[in-house]
J.: 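Structure in structure tokens, see below.
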Amino acid sequence: MVSYPLTPTGAEDKLTELYALSDRELATQAMAIMIDFRAWVRTNFDLTTAQKLYVDGMNADAVRYFGWQCAVAFQNRIDIELIYPAPPTTPGYSKWTGSESTVKMSTDGAGNKRLTGKLTFVIEYE
């Protein structure tokens with residue numbers, strides 16, 4: 001698989017590549033990101049030094065949650081968007097990463113699951 005820059009376009013390109021995989025191959029990627037979000041991100045994106053440091057320093061609970069969210073999205077081919085504005089030019093800012101989800105699960109009359117919605121990762125600076 002190709003690695004992409006960790007940018008909105010790079011994330012979109014990676015998702016296109018992933019969703020072109022067979023269900024079995026995509027399930028393997030879903031399991032990989034759920035087991036080790038950090039390693040999956042480092043393997044699938046060309047990170048800058050600052051991005052590597054940030055990913056490596058992320059809170060373990062947040063990393064597990066983000067991995068779980070991505071795995072569910074992958075398995076159901078849910079859209080994932082990355083909102084990643086350019087950082088401020090003045091030093092002294094803080095970077096925050098969060099996720100926002102409109103993913104909804106429902107079941108039809110036969111009990112079959114259906115997931116709809118979108119998962120968004122947002123980078124913010126304060």
Side-chain angles (χ1 to χ4, degrees):
M1 293 187 53
V2 177
S3 60
Y4 297 89
L6 186 57
T7 63
T9 301
E12 185 177 324
D13 292 344
K14 175 51 77 175
L15 199 63
T16 298
E17 177 187 20
L18 286 169
Y19 290 178
L21 296 173
S22 69
D23 289 345
R24 185 178 193 150
E25 292 168 321
L26 188 56
T28 299
Q29 293 299 310
M31 183 63 71
I33 200 167
M34 186 172 66
I35 290 171
D36 194 341
F37 178 83
R38 287 183 184 108
W40 192 92
V41 169
R42 285 192 305 264
T43 300
N44 288 275
F45 290 99
D46 294 324
L47 303 177
T48 66
T49 300
Q51 288 172 327
K52 286 177 191 173
L53 290 170
Y54 187 80
V55 168
D56 289 345
M58 290 174 75
N59 174 275
D61 290 335
V63 167
R64 280 189 292 275
Y65 182 65
F66 294 158
W68 176 82
Q69 284 183 302
C70 288
V72 169
F74 287 3
Q75 289 173 328
N76 294 280
R77 298 179 191 272
I78 296 290
D79 189 32
I80 302 173
E81 180 183 17
L82 174 63
I83 299 174
Y84 196 158
T89 55
T90 55
Y93 61 85
S94 297
K95 180 178 180 178
W96 293 83
T97 301
S99 64
E100 300 170 0
S101 177
T102 60
V103 176
K104 293 185 175 147
M105 180 180 286
S106 59
T107 56
D108 64 16
N112 299 310
K113 76 173 180 177
R114 179 174 167 202
L115 266 75
T116 59
K118 178 178 174 178
L119 175 61
T120 304
F121 286 92
V122 181
I123 311 295
E124 298 176 303
Y125 302 100
E126 289 186 358

J.: Side chain of Q69, backbone of L119: donor and acceptor closer than 3.5 Å?
T.: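 Not at all, since once roles are kept as given, no pair shorter than 3.5 Å links the two residues.
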J.: Please tabulate, for the side chains in residues 110-118, all donor-acceptor contacts under 3.5 angstrom to protein atoms that are two or more places apart in sequence or on a different chain.
T.:
residue, atom, partner, partner atom, Å
N112, ND2, D108, OD2, 3.3
K113, NZ, N76, OD1, 3.4
K118, NZ, E81, OE1, 2.7

J.: Not counting sequence neighbours, list each pair that qualifies as a ring-ring contact (aromatic ring centres under 6.0 Å, His included) and has a residue in residues 7-33.
T.: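 Qualifying pairs, neighbours excluded: none.
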J.: Going by side chain to side chain contact (heavy atoms under 4.5 Å, CB included), name the residues that satisfy it together with N59, two or more places apart in sequence or in a different chain.
T.: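 N59 satisfies side chain to side chain contact (heavy atoms under 4.5 Å, CB included) with D61, A62 once adjacent residues are dropped.
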J.: Do side-chain atoms of E17 reach the backbone of V2 as a donor and acceptor pair under 3.5 angstrom?
T.: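 Here the side-chain-to-backbone pair exists.
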J.: Could you report the tightest heavy-atom contact between A71 and A30, atom names first, then the distance?
T.: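 Result for this residue pair: CB-O, 3.3 Å.
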J.: Side-chain donor-acceptor contacts of residues 39-47 below 3.5 Å, not counting sequence neighbours, with atom names and distances?
T.:
residue, atom, partner, partner atom, Å
W40, NE1, Q29, OE1, 2.7
R42, NH1, D56, OD1, 2.6
T43, OG1, A39, O, 2.9
N44, OD1, K14, NZ, 3.0
N44, ND2, W40, O, 2.9
D46, OD1, S3, OG, 2.8

J.: Can you find a pair of side-chain heavy atoms, one from I123 and one from L82, that are under 4.5 Å apart?
T.: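 Sidechains of L82 and I123: in contact.
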J.: Starting at CG of L15, measure out to CG of D79 and round the result to the nearest 0.5 Å.
T.: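 Taking CG in L15 and CG in D79, the distance rounds to 6.0 Å.
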J.: Find the distance between CD (Q51) and OG1 (T7) and round it off to the nearest 0.5 Å.
T.: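 If we round to the nearest 0.5 Å, Q51:CD and T7:OG1 are 8.5 Å apart.
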J.: What residue pairs, at least two apart or across chains, pass ring-ring contact (aromatic ring centres under 6.0 Å, His included) with a residue in residues 84-126?
T.: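 As it turns out, the ring-ring contact (aromatic ring centres under 6.0 Å, His included) pairs with a partner in residues 84-126, which skip direct neighbours, are F66-F121, Y93-Y125.
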J.: Once you round to the nearest 0.5 Å, how far does CZ of F74 lie from CD1 of I80?
T.: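 One finds 5.0 Å between CZ of F74 and CD1 of I80.
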J.: Can you list everything that forms a side chain to side chain contact (heavy atoms under 4.5 Å, CB included) with V122? Sequence neighbours excluded, please.
T.: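 Per chain and number, V122 pairs via side chain to side chain contact (heavy atoms under 4.5 Å, CB included) with I83, E100, T120, E124.
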J.: If every non-hydrogen atom of A20 is compared with every non-hydrogen atom of R77, which pair is closest and at what distance?
T.: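 That would be N-NH1, 4.4 Å.
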J.: Return yes if a side-chain donor-acceptor contact under 3.5 Å exists between T97 and Y54, otherwise no.
T.: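 Yes, a side-chain donor-acceptor pair sits under 3.5 Å.
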J.: If you draw a 6.0 Å radius around CD in E12, do more than 12 non-hydrogen atoms from other residues or ligands fall strictly inside?
T.: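 Open: at most 12 neighbouring heavy atoms sit under 6.0 Å from CD of E12.
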J.: Measure the spacing between OG1 of T28 and CG of D23 and express it to the nearest 0.5 Å.
T.: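 Separation between the atoms: 11.0 Å.
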J.: Write down the atom of I33, the atom of C70, and the distance for their closest heavy-atom approach.
T.: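 Minimum heavy-atom separation between I33 and C70: CD1-CB, 3.6 Å.
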